[in-house]
Every structure is written in structure tokens, then in C-alpha cells.
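A quick write-up on the structure given underneath.
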There are 2 protein chains.
Amino acid sequence: METSLDCIPCFFSQLLAGARIAGAPPEIQKRVLDEFACMLPGIPLDAPPPEIARMGYSILNKTGLNGDLYKEIKRESNRLALSVYAELKERAFNSEDRLLAAAELAIAGNIIDFGAKRDIDIKKELQRIVSGGKKSIRGKQVFDFEEFKNALDEAENILYLADNAGEAVFDRVLLEVIKDLYPAKELLYAVKEKPVINDALAEDAVDCGIGSSARIISNGSDAPGTVLRLCSEEFREIYLHADAVISKGQGNFETLSAEKKLIFFLFLVKCPAVANETGCEEGDAVLLCNLKNGNS
Amino acid sequence: METSLDCIPCFFSQLLAGARIAGAPPEIQKRVLDEFACMLPGIPLDAPPPEIARMGYSILNKTGLNGDLYKEIKRESNRLALSVYAELKERAFNSEDRLLAAAELAIAGNIIDFGAKRDIDIKKELQRIVSGGKKSIRGKQVFDFEEFKNALDEAENILYLADNAGEAVFDRVLLEVIKDLYPAKELLYAVKEKPVINDALAEDAVDCGIGSSARIISNGSDAPGTVLRLCSEEFREIYLHADAVISKGQGNFETLSAEKKLIFFLFLVKCPAVANETGCEEGDAVLLCNLKNGNS
């Protein structure tokens, strides 16, 4: 998916939020925005938004705001999500259609995002999901669940692309349901190599308990999505040989939507640009198969 | 009020909306954003937001997107607002407290704004106001109505600073109530000299029927607010000698909030920066006297 001009104001908002999270004083916050502004005329709009966002986040590092800015937020997200893990698991495993219930929960968990949305109350959102039942998922104009189920039936190995910390607990429930349904299949869970926003790293995947059902791997990159040419060669090999890919979050959708490979994008629509791209509304839950309409 | 760093993404959104309204193709839209981005490092954040926004809008002109971009939108706003004028007037004049009712309506009419909010449905908003009665006004944490009433009692001449086209019909009702209560007072209605967003020009004030209760004057400027040093000397004289000023909209608040003069700011809070400045929430109706707390 190409970058929309509507993404430009959002890049500035994201960077400002990042600089603030990093505890930068206002003059440094302004300098970060100024530096990104100076890059703007040279920015290639045919690149997907996370690639441009990554250029912005690199300014935060250059400006001395190094390190894992969202570390504490991620840790807290993991902790809070783990506190509802038993309820999530019970809900999924007690459902008539376990796979559907777990997929819906995995999408609902995509709310834990400090990129596209910057002022979420995780505790409140988790409460909403846990108590909301069916109502915690809305939209579903694009929900290719039959294709998803069929693909899992057929795939021998499945690559799961993580999005955010905390959200990984929801991914765990989906992975556990898949593991239960298909004990022989190989499940890989790919996280980012280096910190970017609140995207899950290997340590988050471990903390959230992914390890019992899937092998945790790194994609070798710090783009807030999956920019294949920035990923490690090792990851690209794995990606190439995956029979089916489960991709979480807008960032992975934005960077992989044009791929000619069987990918299932599970995410909440969080901005007008992606709403426009998918024909959905902001807030909608999406399960989108990119090869559904003969797009192969 | 100084420009907040939070205003920066919003400037880009406003400019993009303006370029689109002008019918510019995407490459020109991008060039407008690029030019503003290049200006960003030199922008003085101690200036009020409308002054910076004006610098942005001047790029639209420079880029060949000349003229009155929002002319059709303004004309349609005037037409739609005039279609409910009789109802608005009846509501105000049949109220127990006519001045209060008319002031509330004038604030409600501030919804007709293509600067801070860019995708409003005027027809729907007007319907909401007309049918909503008291409910069309919410918030009112800051509502210095007693001070407002006392100031009008005492003032011999009153300067009313317009904001948007269409909204002028709501201003007209307030002006008519004031004229009815105080037939001897001089009422001046100041509009922008040149087009900026959908701000009212003299022709809009005339179309909306302001002429029967107030004298229409120009402030000599095209800033989306009242930047006194950019206004004509004639206007500054009038401003200086006004006993009380009624100021509509966020733009006028942002540019005049630090003035040591009796000004009543009537507006809807439309962004986090102004919400923060006023201690209100977005969507709140505000009637704020800037000299209330010994701020003289």
C-alpha cells in the first residue's frame, strides 16, 4: 500500500508522541519535527507508510533519544494482557467455533497500539474486550474466515507476523487454538529485531508465553511493519517458504498488501488511509485474504 | 495564545484540505505540504496558530491555487443557514432570556468551520441545532454570561468579530437581539478583507443579512483570526475605541486571548490545544471574558 498524503500529518503526530514518550523537552520535540519536515520533500510516496514512519523514528535515535522508548509501556501492556489471559483462553476454548473466536480475539487485541492511536487506555480496552463478548468485535465487512480456515487446513507451516507487545497474549490464544487443532503443523512467530514504537520484541513474545506453541524468530528489522528488503535474509527465506502467513496489525498490512503470497491480514482499521484502502470504516475488525479475488 | 507543537500536524491537515478544495492534483498537494515543511524550522512558535496557518495558506496562493477556494462552500453555507434563520430568530425571541438564547445559538453556529474541522455536514449540523434546543449547547464550564450581559449594558459601541460564512446568520440573530435590547448602541461587524478558508467576507455578511442591525466593516487582513498588526490601521482604531468586543471562533480567541481589553470569546472548542488552553473539552461551548479574573 502506498503512502497517502493523509499519512503526512499523522507522521508528525506519531513523532511528536514518540519524542514526548522519550521525555524530550519541547525544543528537542520541535527539532525532531523540523528534521522530519526537512526530509519530507525527498520522501518517496510509493513506499508504504511504515517505511516512512521508520525514517521518522530514526530521527528520534539520531537526536539522542536512543533506546527502547516504549519499554515500560510494553512491559505494562504485557502484564495487563497476561492478567486477562485465562479469561481469553477460556472464552476461545469454550466457543462453538474455537478458531473463529480466537481469530476475533486476536483482532480485538490489536487495539494495544501506540503508533496509529496514541492515547489508549489499555486497562479499559482489555476490560471492554473481556466483558464485551461478541460486541468487542465490530465491522467485519471484510472477514475471509472460510479462506482462513481452509488455508490452515492445508498449510504445513504457518508464519505469524506479530504486531504489538501485550497484543502478543491475544496472539498466543490464537496460536494455542491452532496448535490444538493442528498439532503437527510448524508455527513460527516473527517479532521485530530492534525497538520501534511498542512493537513486540523477542522478550515480549517470551513474556507473553508464545514459546509454548510457536517458535519465536526475529524478522531482522526495526520497521513498524514488514519491509521485506529491510528484513534479514534468514527471515526472507522463512517467509518465502511459509505455506500461509497470518499478519497482525495495520503496519504489516500496509507493507505486505501488494504481496503475491497467501497472507491473512488480521487487524483493526485505525486510520482513514487504511479505511479507504480496505473499503472499511475506522474501528472495523478485518480478516483479509490478499489472494481472495484472483489477486495471485 | 502560543502555537502548540500539537498544532503542527493540524497545519499540514488544513493545508492538504485546502489544496484538495482548490482541486489541485496530488503532486501539487504534495508540493504545498513540502513547501510548508521547509518553512517549519523557521516558524516562531510564540506566534498564535492562525498566524502560522496564514503562512501556510499563502503557499496555496503562491502555488497558483489562487482565488477564493471556499467560495462555493461559503455560498452554500450562507444559503443553508438562511433557510433556518426564521426558526433561529423565533427560538431566540421567544426565549425567557433572549440574550442568553441568542448567545448560545451564536456559539452553536460556530460549528460551520472548515479550518479546525474539515468534514462537517452543515445540513445535518443545522438540523441538530434547530431541533436540539438546549441540547445543541453542551459544556459551558466556561460561560461568563453575567459579565457579558453587564458589559453590553454599559458599552456604547460594540465590535463583533466575525468568524465563518453561514455562521454569520447565527451572528445576525444575536445582533438583532442586542439591537432590540439596546437600540441606541453602535454595532460593528468586522469581516476579513481577503479570502481565507471559509471565513466570512463582506459579501457573506451582506448575504446573511447582517446589514440591518450592524455596520459591516473589514479588518483589512486575511489571517484566519485577528492578528492586529496585520489588520488595517482603520480597523485597529475601531478596535481600540470599542467599549466591548464580541469575538467569534477559535481563530479570534487564539490571536486575541492575551489582549488587555474587554473581549468576550464565543466559540466551540475544536482541538486539544484550545481545550488545554481553556480547561475545557473538545466540543464544549465557551463564552469567555478575558478580563474576568483581574487579567487587566
Query raised in the report: Rounded to the nearest 0.5 Å, how far apart are CD1 of B:Ile8 and CD of A:Gln29?
Result: 10.0 Å

**Report entry** Nearest heavy-atom neighbours spanning A:Leu40 and B:Lys30
**Finding:** O-NZ, 3.0 Å

Query raised in the report: CZ of B:Phe12 to OG of A:Ser13: how many Å apart, nearest 0.5 Å?
Result: 10.5 Å

Query raised in the report: About how many Å separate CD of A:Glu27 and CG of B:Leu5, when rounded to the nearest 0.5 Å?
Result: 10.0 Å

Query - Region of B:Leu15 that comes under 4.5 Å of a non-hydrogen atom in chain A - result: neither

Query raised in the report: Relative to chain A, which segment of B:Arg20 carries a heavy atom at a distance below 4.5 Å: side chain, backbone, both, or neither?
Result: side chain

Query raised in the report: So B:Leu16 and A:Asp6, side chain to side chain contact (heavy atoms under 4.5 Å, CB included) or not? Walk me through it.
Result: CA-CA 8 Å; B:Leu16 182 56; A:Asp6 291 298; 3.6 Å; yes

Query raised in the report: Do B:Pro41 and A:Cys38 have side-chain heavy atoms sitting under 4.5 Å apart?
Result: yes

